[in-house]
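Here is the structure we will look at.
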Amino acid sequence: GAVVSQHPSWVICKSGTSVKIECRSLDFQATTMFWYRQFPKQSLMLMATSNEGSKATYEQGVEKDKFLINHASLTLSTLTVTSAHPEDSSFYICSAVEGVWEQYFGPGTRLTVT
Amino acid sequence: QKEVEQNSGPLSVPEGAIASLNCTYSDRGSQSFFWYRQYSGKSPELIMSIYSNGDKEDGRFTAQLNKASQYVSLLIRDSQPSDSATYLCAVKSGGGADGLTFGKGTHLIIQP
(Lines give C-alpha, C1' and ligand atoms only; values in the text may rest on other atoms or scores of the structure.)
Protein backbone atom coordinates (compact mmCIF):
# COMPACT_ATOMS: atom_id res chain seq x y z
CA GLY A 1 0.00 0.00 0.00
CA ALA A 2 0.83 3.73 0.17
CA VAL A 3 1.95 4.08 -3.43
CA VAL A 4 2.47 7.54 -4.90
CA SER A 5 3.12 8.12 -8.59
CA GLN A 6 4.43 11.12 -10.49
CA HIS A 7 4.28 12.01 -14.13
CA PRO A 8 6.40 12.70 -16.04
CA SER A 9 9.53 11.14 -14.56
CA TRP A 10 11.70 13.55 -16.48
CA VAL A 11 11.10 16.55 -18.71
CA ILE A 12 13.21 18.93 -20.73
CA CYS A 13 11.73 22.30 -21.67
CA LYS A 14 12.87 25.57 -23.13
CA SER A 15 13.31 28.67 -21.03
CA GLY A 16 10.08 30.66 -20.78
CA THR A 17 7.72 27.74 -21.20
CA SER A 18 5.53 26.11 -18.55
CA VAL A 19 5.65 22.54 -17.29
CA LYS A 20 2.99 20.59 -15.37
CA ILE A 21 3.86 17.75 -13.02
CA GLU A 22 1.21 15.36 -11.68
CA CYS A 23 1.25 13.58 -8.35
CA ARG A 24 -1.21 10.79 -7.60
CA SER A 25 -1.87 8.62 -4.58
CA LEU A 26 -2.76 5.26 -6.13
CA ASP A 27 -4.19 3.21 -3.29
CA PHE A 28 -5.29 5.74 -0.69
CA GLN A 29 -6.91 9.12 -0.42
CA ALA A 30 -4.68 12.01 0.57
CA THR A 31 -6.22 15.22 1.83
CA THR A 32 -2.72 16.65 2.10
CA MET A 33 0.13 16.41 -0.35
CA PHE A 34 3.48 18.14 -0.26
CA TRP A 35 5.86 19.35 -2.93
CA TYR A 36 9.60 19.28 -2.37
CA ARG A 37 12.57 20.30 -4.48
CA GLN A 38 16.06 18.83 -4.36
CA PHE A 39 19.09 20.38 -6.02
CA PRO A 40 22.20 18.24 -6.67
CA LYS A 41 23.96 17.15 -3.48
CA GLN A 42 21.41 19.06 -1.38
CA SER A 43 18.63 17.82 0.80
CA LEU A 44 14.93 18.03 0.10
CA MET A 45 13.39 21.43 0.69
CA LEU A 46 9.67 21.79 1.27
CA MET A 47 8.11 24.10 -1.30
CA ALA A 48 4.42 23.98 -0.50
CA THR A 49 1.59 22.14 1.18
CA SER A 50 -1.32 21.17 -1.02
CA ASN A 51 -4.74 20.60 0.53
CA GLU A 52 -7.65 19.17 -1.39
CA GLY A 53 -10.20 21.83 -2.24
CA SER A 54 -8.24 24.78 -0.88
CA LYS A 55 -5.35 27.04 -1.78
CA ALA A 56 -1.84 25.75 -1.32
CA THR A 57 0.39 27.06 1.43
CA TYR A 58 3.84 28.08 0.24
CA GLU A 59 7.08 28.10 2.22
CA GLN A 60 8.96 31.34 2.65
CA GLY A 61 10.90 32.24 -0.45
CA VAL A 62 8.83 30.13 -2.84
CA GLU A 63 7.03 32.22 -5.47
CA LYS A 64 3.39 31.18 -5.51
CA ASP A 65 2.79 32.82 -8.90
CA LYS A 66 5.61 30.82 -10.42
CA PHE A 67 4.83 27.45 -8.87
CA LEU A 68 1.10 26.91 -9.29
CA ILE A 69 -0.40 24.08 -7.26
CA ASN A 70 -3.82 22.56 -7.74
CA HIS A 71 -5.21 19.78 -5.55
CA ALA A 72 -8.42 19.02 -7.39
CA SER A 73 -9.20 15.65 -5.85
CA LEU A 74 -8.21 13.40 -2.96
CA THR A 75 -5.80 11.51 -5.21
CA LEU A 76 -4.32 14.17 -7.49
CA SER A 77 -2.18 17.26 -7.01
CA THR A 78 -0.44 19.13 -9.82
CA LEU A 79 2.53 21.49 -9.81
CA THR A 80 2.93 23.86 -12.75
CA VAL A 81 6.24 25.63 -13.15
CA THR A 82 5.40 28.76 -15.12
CA SER A 83 7.90 30.63 -17.28
CA ALA A 84 10.60 28.17 -16.35
CA HIS A 85 14.24 29.29 -16.28
CA PRO A 86 17.45 27.27 -16.05
CA GLU A 87 17.68 27.93 -12.30
CA ASP A 88 14.39 26.03 -11.90
CA SER A 89 16.11 22.86 -13.09
CA SER A 90 15.83 20.45 -10.19
CA PHE A 91 14.38 17.20 -8.90
CA TYR A 92 10.76 17.80 -7.88
CA ILE A 93 9.26 15.25 -5.51
CA CYS A 94 5.75 15.06 -4.13
CA SER A 95 4.58 13.21 -1.07
CA ALA A 96 1.22 12.22 0.28
CA VAL A 97 0.12 11.64 3.83
CA GLU A 98 -1.53 8.36 4.74
CA GLY A 99 -3.16 8.50 8.14
CA VAL A 100 -1.86 11.21 10.42
CA TRP A 101 1.88 11.05 10.42
CA GLU A 102 3.72 9.20 7.67
CA GLN A 103 4.56 10.66 4.30
CA TYR A 104 5.18 8.54 1.25
CA PHE A 105 7.10 9.97 -1.65
CA GLY A 106 6.54 9.73 -5.35
CA PRO A 107 9.43 8.71 -7.62
CA GLY A 108 10.21 12.33 -8.50
CA THR A 109 10.35 14.39 -11.68
CA ARG A 110 13.64 15.63 -13.02
CA LEU A 111 13.17 18.98 -14.74
CA THR A 112 15.82 20.41 -17.04
CA VAL A 113 15.27 23.89 -18.46
CA THR A 114 17.45 24.78 -21.43
CA GLN B 1 14.21 28.38 11.86
CA LYS B 2 13.94 24.64 12.15
CA GLU B 3 17.20 22.83 11.49
CA VAL B 4 18.16 19.19 11.22
CA GLU B 5 21.85 18.36 11.34
CA GLN B 6 23.57 15.24 10.08
CA ASN B 7 27.16 14.32 9.39
CA SER B 8 27.41 14.18 5.61
CA GLY B 9 30.00 11.39 5.64
CA PRO B 10 30.85 9.30 3.81
CA LEU B 11 30.55 6.74 6.58
CA SER B 12 32.29 3.53 5.60
CA VAL B 13 31.28 0.30 7.39
CA PRO B 14 32.39 -3.30 6.69
CA GLU B 15 29.75 -5.73 5.52
CA GLY B 16 28.10 -7.49 8.46
CA ALA B 17 28.95 -4.74 10.95
CA ILE B 18 26.62 -2.24 12.62
CA ALA B 19 26.18 1.14 10.95
CA SER B 20 25.29 4.00 13.29
CA LEU B 21 23.75 7.18 11.89
CA ASN B 22 23.04 10.26 13.97
CA CYS B 23 20.86 13.35 13.72
CA THR B 24 20.14 16.38 15.89
CA TYR B 25 17.29 18.82 15.53
CA SER B 26 16.68 22.36 16.74
CA ASP B 27 12.90 22.57 17.22
CA ARG B 28 11.93 21.32 20.67
CA GLY B 29 8.31 21.21 19.54
CA SER B 30 9.05 18.43 17.06
CA GLN B 31 6.78 15.47 17.54
CA SER B 32 7.61 12.90 14.90
CA PHE B 33 10.85 11.68 13.44
CA PHE B 34 11.65 9.69 10.35
CA TRP B 35 14.54 8.01 8.63
CA TYR B 36 14.49 7.80 4.86
CA ARG B 37 16.88 6.03 2.53
CA GLN B 38 17.68 7.65 -0.80
CA TYR B 39 19.59 6.01 -3.60
CA SER B 40 21.29 8.27 -6.13
CA GLY B 41 18.77 9.77 -8.54
CA LYS B 42 15.80 8.27 -6.71
CA SER B 43 13.24 9.64 -4.29
CA PRO B 44 13.37 8.90 -0.55
CA GLU B 45 12.05 5.64 0.81
CA LEU B 46 10.65 5.53 4.35
CA ILE B 47 12.58 3.16 6.61
CA MET B 48 11.53 4.00 10.14
CA SER B 49 9.33 6.38 12.06
CA ILE B 50 9.55 7.08 15.78
CA TYR B 51 7.39 9.26 17.95
CA SER B 52 8.32 8.62 21.59
CA ASN B 53 11.55 8.41 23.55
CA GLY B 54 13.39 5.13 23.47
CA ASP B 55 14.13 2.50 20.89
CA LYS B 56 12.02 1.13 18.07
CA GLU B 57 13.14 -1.96 16.22
CA ASP B 58 12.09 -3.19 12.78
CA GLY B 59 14.08 -6.05 11.37
CA ARG B 60 17.72 -5.00 11.03
CA PHE B 61 16.89 -1.38 11.80
CA THR B 62 16.61 0.30 15.20
CA ALA B 63 15.65 3.92 15.64
CA GLN B 64 16.48 5.70 18.88
CA LEU B 65 14.95 8.96 20.08
CA ASN B 66 16.02 11.21 22.95
CA LYS B 67 13.85 14.32 23.00
CA ALA B 68 15.68 15.87 25.95
CA SER B 69 18.91 15.82 23.95
CA GLN B 70 17.08 16.51 20.66
CA TYR B 71 18.81 13.52 19.16
CA VAL B 72 17.71 10.74 16.82
CA SER B 73 19.77 7.83 15.63
CA LEU B 74 19.46 4.86 13.31
CA LEU B 75 21.31 1.58 13.75
CA ILE B 76 21.59 -0.88 10.90
CA ARG B 77 22.66 -4.35 11.99
CA ASP B 78 24.31 -6.91 9.72
CA SER B 79 24.98 -4.20 7.12
CA GLN B 80 24.70 -5.29 3.51
CA PRO B 81 26.18 -3.70 0.37
CA SER B 82 22.61 -2.92 -0.70
CA ASP B 83 22.35 -0.65 2.34
CA SER B 84 24.82 1.72 0.70
CA ALA B 85 22.81 4.93 0.15
CA THR B 86 22.21 8.35 1.61
CA TYR B 87 20.17 8.30 4.80
CA LEU B 88 17.99 11.31 5.47
CA CYS B 89 16.74 12.27 8.89
CA ALA B 90 13.41 14.15 8.81
CA VAL B 91 11.46 15.90 11.52
CA LYS B 92 7.88 17.10 11.73
CA SER B 93 6.39 19.46 14.28
CA GLY B 94 2.72 18.62 14.00
CA GLY B 95 0.35 16.20 12.42
CA GLY B 96 -0.48 15.41 8.82
CA ALA B 97 -0.69 19.04 7.75
CA ASP B 98 2.98 19.73 8.44
CA GLY B 99 5.71 19.13 5.93
CA LEU B 100 9.02 17.54 6.81
CA THR B 101 12.28 19.29 7.58
CA PHE B 102 15.14 17.21 6.26
CA GLY B 103 18.78 17.00 7.16
CA LYS B 104 21.32 16.95 4.34
CA GLY B 105 21.79 13.23 4.75
CA THR B 106 24.63 10.86 5.59
CA HIS B 107 26.24 8.96 2.76
CA LEU B 108 26.74 5.38 3.93
CA ILE B 109 29.08 2.97 2.17
CA ILE B 110 29.05 -0.73 3.09
CA GLN B 111 32.32 -2.32 2.07
CA PRO B 112 32.06 -5.98 0.91
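Residue numbers start from 1 in every chain, and the chains themselves are labelled A, B, ... in the order their sequence lines are given, proteins ahead of strands.
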- prompt: Is it the backbone or the side chain of Q38(A) that comes under 4.5 Å from a heavy atom of chain B, or both, or neither?
  reply: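 Side chain only.
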
I93(A) portion near chain B, given a 4.5 angstrom heavy-atom threshold: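 The side chain, not the backbone.
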
- prompt: When clusters are formed by joining ILVMFWY residues with side-chain heavy atoms under 4.5 Å apart, either directly or through shared neighbours, do V113(A) and M45(A) land in the same one?
  reply: no

Cluster check F34(A), F28(A): I/L/V/M/F/W/Y, side chain < 4.5 angstrom: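 Both belong to a single hydrophobic cluster.
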
- line: Ranking G105(B), G41(B), A90(B), S40(B) by heavy-atom pairs under 4.5 Å to chain A gives rank one to G41(B)

Taking everything shown except [X] itself, do over 12 heavy atoms lie less than 6.0 Å from its [atom1]?
| X | atom1 | value |
| --- | --- | --- |
| H7(A) | NE2 | no |
| K66(A) | NZ | yes |
| K55(A) | NZ | no |
| K56(B) | NZ | yes |

Taking all atoms of both residues into account, what is the closest heavy-atom pair of [X] and [Y], and its distance?
| X | Y | value |
| --- | --- | --- |
| Q38(B) | F91(A) | NE2-CE2, 4.4 Å |
| S43(B) | P107(A) | OG-CA, 3.5 Å |
| Y36(A) | L100(B) | OH-N, 2.9 Å |
| Y36(B) | Q103(A) | OH-O, 2.8 Å |
| L88(B) | S43(A) | CD2-OG, 4.1 Å |

